[in-house]
Amino acid sequence: MNELVNLSISELRTLLDKNEISPRMLAQAFLRRIKEKDEDIGAFITVCGEKALDLADKNDDCHGKSMLCGIPYALKDNICTKGIKTTCSSKMLENFVPCYDATAKRILDEKNAVLLGKLNMDEFGMGNSTENSIFGATKNPLNREFVPGGSSGGCAAAVAAGFVPFALGSDTGGSVRQPAAFCSVVGMKPSYGAVSRYGLVGFAPSLEQIGPITKTVYDNAVVFSEIAAYDKKDAVSKSVNYDVISGIKKGIKGVKIAVPKEFDASTDKVIEENILSAARMFEQLGAEIEFVSLPSYKDALNAYYILSSAEASSELARFDGVRYGYSSDENEDYEKRYKNTRTKGFGDEVKRRILLGTYVLREGYYDEYYKKALSARIRITNEYKEILGKYDLVLLPVAPALPHKIGEKRDVLKAYSDDVYTVIANITGFPAISVNCGQSRDGLAVGMQLMGKAFDEALVYRAAYCYEQAREGGK
Amino acid sequence: MSLYKGYEAVIGLEVHVELKTETKIFCSCKTKAKEPNTAVCPVCMGMPGALPVLNKKAFEYALKAALALECEINECSSFDRKNYFYPDLPKGYQITQFYHPLATGGKVRINTENGEKNIGIKQIHLEEDAGKLVHDGNEFTLIDNNRAGVPLIEIVSNPEISSAKEALSYLKNLKNILVCTGVSDCRMNEGELRCDVNISVHKPGEKNGTRTEIKNLNSFQFAAKAIEYEYKRQADLLENGEEVVMETRRFDEAGGKTLPMRSKEQANDYRYFPEPNLPCICVDKDAIERIRKSLPELPDKRKKRYVDVFGLSEYESECMVSDCETAEYFEKCASMSKYPKIAANLIIGEILKLKADGNGEIPVCPSALAEVCDLSGDDKINSPTAKKLVKLLAGETFDVESYVIKNNLLQINDKDIILNAARNALLKNPKAKNDYLGGKQNALKVVVGAIMAETNGRANPVIANEAAKSVLEE
């Protein structure tokens, strides 16, 4: 039964369909593992236990139902679950129980998947290490002295540690891809508009997407194809053909891949080497590799931080303790109440970004910061559109450095600049996947990123699958 | 128009109008509910993760209003966030249209002492309403979110209004047009129409003065009073060599003056930026035309038609179009009677009063009024009788002609009978003749009155008058 937790969704599907295991057995196996091992990892905030077993029993007969029927999973704790605490790892929502489900959760309910619990994250999604959580840091299963990345660190760790076959995280500036790379699992940020954001407690609406984290590329493609859909509750979601499975095994002969001519100055040699090695592998597999000068990394990073902070300062304004969430006891007047609630309810990183965002939106400064960032965003998006007009995919590192040790002091701006490669897919809205491409010191992993054209997830998955199969000899 | 102490007033009005849609602007909650906090959902309550989706009907209603006010429609408009903290604002921001409003450049015609004047409209934009704060009289303020998310249009006029009277005319005409289109009932006492005033004063030829803003006005009359007061207050200040402070004021209804609002509600940097959750709304020319064609006949056009087709005077026509219900009522009567002009006059004289007393409902059905008009126009009843009948019809329905006959109300047109009554009148009032010859016109009224009394009010007034004169002059 120990083996069950190491199997992929496809493998579990086979066993379920053959009735060799039941959804209840499966849920129990994973719940047992969580009970045994999560104390060491700290991935889970809430484990559903009884509810999960009830759900598993309800979904006992999976014949003719979806690929995900009876499959256990977990959600990042910023995805609203009706009747189940959704904390965003913040004091502000420590005891918040939504009376509604996020659309992604509702879809997984309809597909009869089995929710096992909610996962740790950086508070409100702000951070890339999962250390900014009121529940403490999550540990990287590859080496527990190191961070699992963030902000969906709990998701990546849970999948890597065999707690769930898949998890859904959210990616605003790299928060699905980077922890996936750090934990040596697969993480995908879909095209902007592919997966409904209704019920995602985000902080930057124009940048974020819910994305799956899985052990294998094929699993990831399966989950994506189940959750990607037009949702009338999300005005920017798109109705597109989201079939990414049919062509996934076609191989990549003739696929043109752009590889960076120059890396950002902050990039570790180890990372560079691994990317170049991946490029060589793609070539061997039949793709056409070309070294291309990419648009300014720094511009993309700066535009991202201005825009995302501005949006965050507005998005988080609703947390005032009036209708729900933490509320300070000082009630003299509404202003004092608001000030105290927000001062005490938010952690430092969240406050930092709200302040930054408020600053750049100030009257008289809109042109200088926000408008400039918007223009930069449009320019960079057009430049990448042009590149993806000539090439099919862009190969990129995921992070410029390896994971740091938990508790290690980091310069705030240095931490922000670690997002340099992942923010590109957020500001352009293009799909991007992160897949392991190497091992490093201390048992840590190196990931690489493949970015495609808008709504061309099918090709992104195809290339990632082909690569993964070649490296791991097929799974 | 007379200037106060030589100062001209420059007035602009910002009017917020609640659109009469079934559901709110960004969610499917109902716009009306009885119990507090019952027409709410995660979206309009600003719950975490909830997203706005535009109610197309609200947009259509806004378009209708903009077209009725003769605005230019922007083919693409977008939404922006206006950020500020207040307990009645669930998300901590209001979704409005700051950078690209849905319409610009319209007008409202008003009547002034010097004739017609156009007050230009700067822009119309769509936005969501905030919730309502209710002070429970103790230490607490209660928040009702039923109103949060109700669709509003904000109509910003150019600062082209010069007096309280003009402002009143603007508001009445604006309301009339909007009610006609059906997009709102514009009842100010229900909060369906709200008006903020911007006003400054200056001497002719000099540059514009500092303006103040007056908010939370609860009726057209209070708006007019507030403008009157503020106009004088600012002029007095400047005459005394003092400065007008740019501030937001409120109108103290009891004292009849404007007072500064608490400063907390004033200075705000709203940090406007585009709403990322809502795509741009683009509307093509065909859609605009379709909505323009669906507009009902608007008051100005109607007024002209009543003059041309029914032969009403300017004044009579103006009264008929003062609101949609009256206009529709008049048209029904006019279509059923040979004498639209009499209908108009009975409406002005009797029906409008009954309407005001009866909460806006007209208690006399058009066909009954039409009957009365025809009897009157055919000289079968006199005008006092007509008025009496209308009053009676307000209380009960009956067949007018039969009633008239049964109750002996038919007008007496027989000159001999009336002359006889005149002679009898003189016998009962011997002094009248001498008074009349001595120049007292009242004597004529006395004799006519006596004729009426003798004929039970049925004498033809014109004939009665002539008869009275002739016997007095004999």
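Since this is a predicted model, take the numbers as computed values, not measurements.
- When heavy atoms are compared at a cutoff of 4.5 Å, A:Thr86 does not approach chain B at all.
- Heavy atoms closer than 4.5 Å to chain B are found in the side chain of A:Tyr192, but not in its backbone.
- Interface check for chain B: of the options A:Leu374, A:Val322, A:Thr358, the most heavy-atom pairs under 4.5 Å are formed by A:Thr358.
- Heavy-atom distances place no part of A:Tyr365 under 4.5 Å from chain B, backbone and side chain included.
- With respect to B:Arg81 and A:Glu311, no salt bridge is recorded, no charged nitrogen being found less than 4.0 Å from a carboxylate O.
- Between A:Tyr100 and B:Pro48 the shortest side-chain heavy-atom distance falls below 4.5 Å.
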What's the verdict on side-chain contact (heavy atoms from CB on, under 4.5 Å) for B:Tyr93 and A:Arg318, showing C-alpha distance, side-chain angles and the deciding distance?
CA-CA 8 Å; B:Tyr93 59 86; A:Arg318 65 189 66 198; 3.1 Å; yes

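- Residue contact with chain A, scored on non-hydrogen atoms closer than 4.5 Å, is absent for B:Leu54.
- Ring centers of A:Tyr370 and B:Phe273: under 6.0 Å apart, within the cut-off.
- For A:Arg323, the part lying near chain B is the side chain, with the backbone staying farther off; criterion is any non-hydrogen pair under 4.5 Å.
- Of the atoms belonging to A:Lys232, it is backbone heavy atoms, and not side-chain ones, that fall under 4.5 Å from chain B.
- Taking the six-membered ring where the residue is Trp, the centroids of A:Tyr366 and B:Tyr272 are separated by 6.0 Å or more.
- A distance of 9.5 Å separates CG in B:Leu133 from OH in A:Tyr334, rounded to the nearest 0.5 Å.
- Put simply, of A:Cys80, A:Gly199, A:Cys88, the one with the most heavy-atom pairs under 4.5 Å next to chain B is A:Gly199.
- If you measure heavy-atom distances from A:Tyr338 to chain B, the contacts under 4.5 Å come from the side chain alone.
- Residues A:Arg342 and B:Phe85 meet the side-chain proximity criterion, which asks for heavy atoms closer than 4.5 Å.
- Proximity to chain A at a heavy-atom threshold of 4.5 Å picks out B:Pro42, B:Val43, B:Met45, B:Gly46 from residues 31-46 of chain B, in numerical order.
- For the pair A:Pro98 and B:Met47, the minimum side-chain heavy-atom distance is 4.5 Å or more.
- Within 6.0 Å of CD on A:Glu368 lie more than 12 heavy atoms contributed by other residues, nucleotides or ligands.
- Of the listed residues (A:Pro205, A:Ser313, A:Ser206), the one with the most heavy-atom contacts under 4.5 Å to chain B is A:Pro205.
- The candidate with the highest count of non-hydrogen atom pairs below 4.5 Å against chain A, out of B:Pro279, B:Pro87, B:Gly92, is B:Pro87.
- Between the side chains of B:Asn277 and A:Arg197, at least one donor-acceptor pair of N or O atoms lies under 3.5 Å.
- In terms of heavy-atom pairs under 4.5 angstrom with chain B, the leader among A:Ser196, A:Ser314, A:Ala317 is A:Ser314.
- Residues B:Pro276 and A:Val236 share a closest heavy-atom pair of O-CG1, 3.9 Å.
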